[in-house]
Novice: 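There's a structure below that I have some questions on.
Here, residue 1 is the first one in the sequence, and each next residue gets the next number.
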Amino acid sequence: MAIQLKKQLGLIDGISYVSGAIIGSGIFISPSPILAGSGGSTGLALIIWGVCGLIAMTEALCFMEIVQRVRKSGGLYTFILESSGESVSFVFLWMHILVLRPMSIAVSGLASATYILRPLFPYCSDMAPASAVKLIATLIIMLYVFMNSYSIKRSAVMQSVLLACKLIAIGLIVIFGLLSITKGSDEVPLSNPFNFHVDNLSMNGIVFAVYVGIFAYGGGDSALYAFEEYVSPKRNIPLAIVIGHLIPIVAYLLVNVAYYTVLTTEEITSGLAVAVTFAEQCMGFLKWGIIACIVLSTSANINQNCFTSSRMIYVAAREDNFPKFLSMVNTDRRTLLPAMITIGCLGVVMLSLGSLLSTLKIYTILMQVSRLVAVYGLFKLRKTHTPVNVIKVPLFVPIFYLIMISAMIMVTVIYDPEVIPKALICASTGVVAIVLTKFSKIHGSRLRSIYKKMHESMVKITRAVLLSEFTETT
């Protein structure tokens, strides 16, 4: 029996997933490298924050039109599939599922675990055992996998709660920053939040700052991954995109102004835990609340990634590009349990990676190349997918986005060429995967036989281990 996902997501859920996906680890770790890349100029840093927010908004508006034309779940993978074909889409799908999404989940888990252990090492947070950090990160990832596997609606409610916690933390930072300005006492080393004086400014530094800023605004297309599960998607998805982006853009600018008025440039650029340094200086006992909010904020990105990545796996398996058992849906709870467990396990495997900043350029450039291909496909979809009542964005919106991202990639090739071979290596794994997949679809081939046996075995194992009934989808 064919089964479809239930339409149960509304406007508030969409806003929560968009804003909740954007507001996370980025605002708590990005101010330091962005200010450093801006040559210590707080004014230039604020401009970079604003430009990156504008880029994120234009990207999401393009995706909003695309999803109305294809009218399918799956997000980025579906967009590229419909515009560029199966081969190109599978290469990007492979990178996202096996490299980029698990990397993002792992980074969020490690960040949350680090802040959980921070009270145990108040004077030297780097002394926290790596094994303990990874163990707690694993438990956090598994917790969110369980939540999304148990009930998508409860997971959406949790995302709304986590978004409220993030906004409370950001609100406290902004309020205490404003209070520090009004005090004007010698106790607070006030900086000029609009200072344009620069030290050691370089093109490579600016590019890295833009990369970090784009990472901080990442995830704004989250609401589009579950198009088929929205009630009134024509109304709710565009509103979720616009409102969901305006909230973090305004919040990020206000938080950075608060940082710049309380902390010196050296204090901001000396480490990634800027929010904790801020809280220790002017929040008193409330600093523990900020740490708790940071943990929730960074871990919420895991919830969002589990939500979106499982939909990518689900749609890819439904299109026969991944093993079919990954498209199976729990008939009782209507959740994507096999896909959810898969992305959770991949996230745990990626916990062995290094720090965020050491992999940020590779992560961001691969993400932006895939988004560049998807937005470029919008021009083709306007000719091939013409349903009625589509909200069409002005032509300058996709053109602006394509110019900005193309320029950023070109500058990277010129000023930071060593990152390109690493990115190509990650992308090439998708080419190998698609060759194997093509052979597995040839009837009578050895790989096809192995593929069918694996699918049948995994279906039996899934039903036996999870003690539940699953069915394939259409």
Novice: Working note: Phe400 + Leu54, criterion side-chain contact (heavy atoms from CB on, under 4.5 Å); need CA distance, chi angles, decisive distance, verdict.
Specialist: CA-CA 10 Å; Phe400 169 79; Leu54 182 60; 3.9 Å; yes
Novice: Hey, is the main chain of Ser299 close enough, under 3.5 Å, to the side chain of Ser108 for a donor-acceptor pair?
Specialist: no
Novice: Quick check against the 3.5 Å criterion: does Ser84 have a side-chain atom that pairs as donor or acceptor with the backbone of Leu81?
Specialist: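 Not a single qualifying donor-acceptor pair exists.
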Novice: Identify, with sequence neighbours excluded, every residue that meets side chain to side chain contact (heavy atoms under 4.5 Å, CB included) alongside Ala60.
Specialist: Ile241, His245
Novice: For Cys62 and Val397, which heavy atoms make the closest approach, and how far apart are they?
Specialist: SG-CG1, 3.9 Å
Novice: Quick one: which residue pairs count as a side chain to side chain donor-acceptor pair (under 3.5 Å) with a foot in residues 339-350, not counting sequence neighbours?
Specialist: none
Novice: Quick one: list whatever passes side chain to side chain contact (heavy atoms under 4.5 Å, CB included) with Leu11, sequence neighbours left out.
Specialist: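 Applying side chain to side chain contact (heavy atoms under 4.5 Å, CB included) to Leu11 gives Ile15, Arg235, Asn236, Leu239, Ala240.
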Novice: If you apply the rule side-chain contact (heavy atoms from CB on, under 4.5 Å), what do you find for Ser83 with Leu378, and how did you get there?
Specialist: CA-CA 7 Å; Ser83 63; Leu378 172 60; over 6 Å; no
Novice: Using side chain to side chain contact (heavy atoms under 4.5 Å, CB included) as the criterion, list what pairs up with Met142, not counting sequence neighbours.
Specialist: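 Partners of Met142 by the side chain to side chain contact (heavy atoms under 4.5 Å, CB included) criterion, ordered by chain and then number, come out as Thr138, Val145, Val348.
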Novice: Could you pull out the closest heavy-atom pair between Ala137 and Ala113, with the gap in Å?
Specialist: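 Here Ala137 and Ala113 meet closest at N-CB, 3.7 Å.
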Novice: Please examine the side chains of Gln68 and Pro387, heavy atoms only from C-beta on, and report whether any two atoms are closer than 4.5 Å.
Specialist: no
Novice: Output every pair passing ring-ring contact (aromatic ring centres under 6.0 Å, His included) with a member in residues 46-72, not counting sequence neighbours, ordered by first then second residue.
Specialist: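 Non-adjacent pairs meeting ring-ring contact (aromatic ring centres under 6.0 Å, His included): Trp49-Tyr252, Phe63-Phe79.
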Novice: Among pairs that include at least one residue of residues 399-411, which meet side chain to side chain donor-acceptor pair (under 3.5 Å), considering only residues two or more places apart or in two chains?
Specialist: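 Pairs touching residues 399-411 that pass the test: Glu59-Tyr401, Gln368-Tyr401.
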Novice: Can you give me the closest heavy-atom contact between Ser30 and Ala216, atom names plus distance?
Specialist: OG-CB, 3.7 Å
Novice: What are the two closest non-hydrogen atoms of Gly37 and Ala209, and how far apart are they?
Specialist: CA-CB, 4.2 Å
Novice: Suppose we screen for side chain to side chain contact (heavy atoms under 4.5 Å, CB included). Which residues come up paired with Leu254, at least two apart in sequence or across chains?
Specialist: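 Result, side chain to side chain contact (heavy atoms under 4.5 Å, CB included) vs Leu254: Val174, Val250.
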Novice: Pairs of donor and acceptor atoms involving the side chains of residues 388-395, under 3.5 Å and at least two apart or interchain, shall be tabulated with distances.
Specialist:
none

Novice: Does some side-chain heavy atom of Ile414 sit less than 4.5 Å from a side-chain heavy atom of Met203?
Specialist: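 Met203 vs Ile414: side chains apart.
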Novice: Closest heavy-atom contact between Ala374 and Ile80?
Specialist: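 Closest heavy-atom pair between Ala374 and Ile80: CB-CG1, 3.9 Å.
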Novice: Go through the steps to decide whether Met57 and Leu246 satisfy the test side-chain contact (heavy atoms from CB on, under 4.5 Å), and finish with yes or no.
Specialist: CA-CA 8 Å; Met57 175 71 83; Leu246 288 177; 3.9 Å; yes
Novice: Does Tyr376, at its OH atom, have more than 12 non-hydrogen atoms belonging to other residues, nucleotides or ligands within less than 6.0 Å?
Specialist: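 No - once you tally the heavy atoms of other residues, nucleotides and ligands closer than 6.0 Å, there are 12 at most.
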Novice: Using a 4.5 Å cut-off on heavy atoms from C-beta on, say whether the side chain of Arg69 contacts that of Arg382.
Specialist: yes
Novice: Which residues pass the ring-ring contact (aromatic ring centres under 6.0 Å, His included) test with Tyr144, sequence neighbours left out?
Specialist: none
Novice: Name all residues meeting the side chain to side chain donor-acceptor pair (under 3.5 Å) criterion together with Asp13; count only those two or more places apart in sequence or in a different chain, and write none if there are none.
Specialist: Lys153
Novice: Which residues pass the side chain to side chain donor-acceptor pair (under 3.5 Å) test with Ser19, not counting sequence neighbours?
Specialist: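 Side chain to side chain donor-acceptor pair (under 3.5 Å) check on Ser19 returns nothing, list empty.
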Novice: Using the side-chain contact (heavy atoms from CB on, under 4.5 Å) rule, take His385 and Arg71 through it: C-alpha gap first, then chi angles, then the decisive distance, then the call.
Specialist: CA-CA 10 Å; His385 294 63; Arg71 300 193 175 186; over 6 Å; no
Novice: Kindly indicate whether the side chain of Arg101, heavy atoms from C-beta on, has any atom under 4.5 Å from the side chain of Ile343.
Specialist: yes
Novice: Test Cys52 against every option in Val212, Ile34, Ile214 by the side-chain contact (heavy atoms from CB on, under 4.5 Å) rule and name the one that passes.
Specialist: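 The side-chain contact (heavy atoms from CB on, under 4.5 Å) with Cys52 is passed solely by Ile214 among Val212, Ile34, Ile214.
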Novice: Mind checking side chain to side chain donor-acceptor pair (under 3.5 Å) for Ser104 and listing every partner two or more places apart, or none if nothing turns up?
Specialist: Asn305
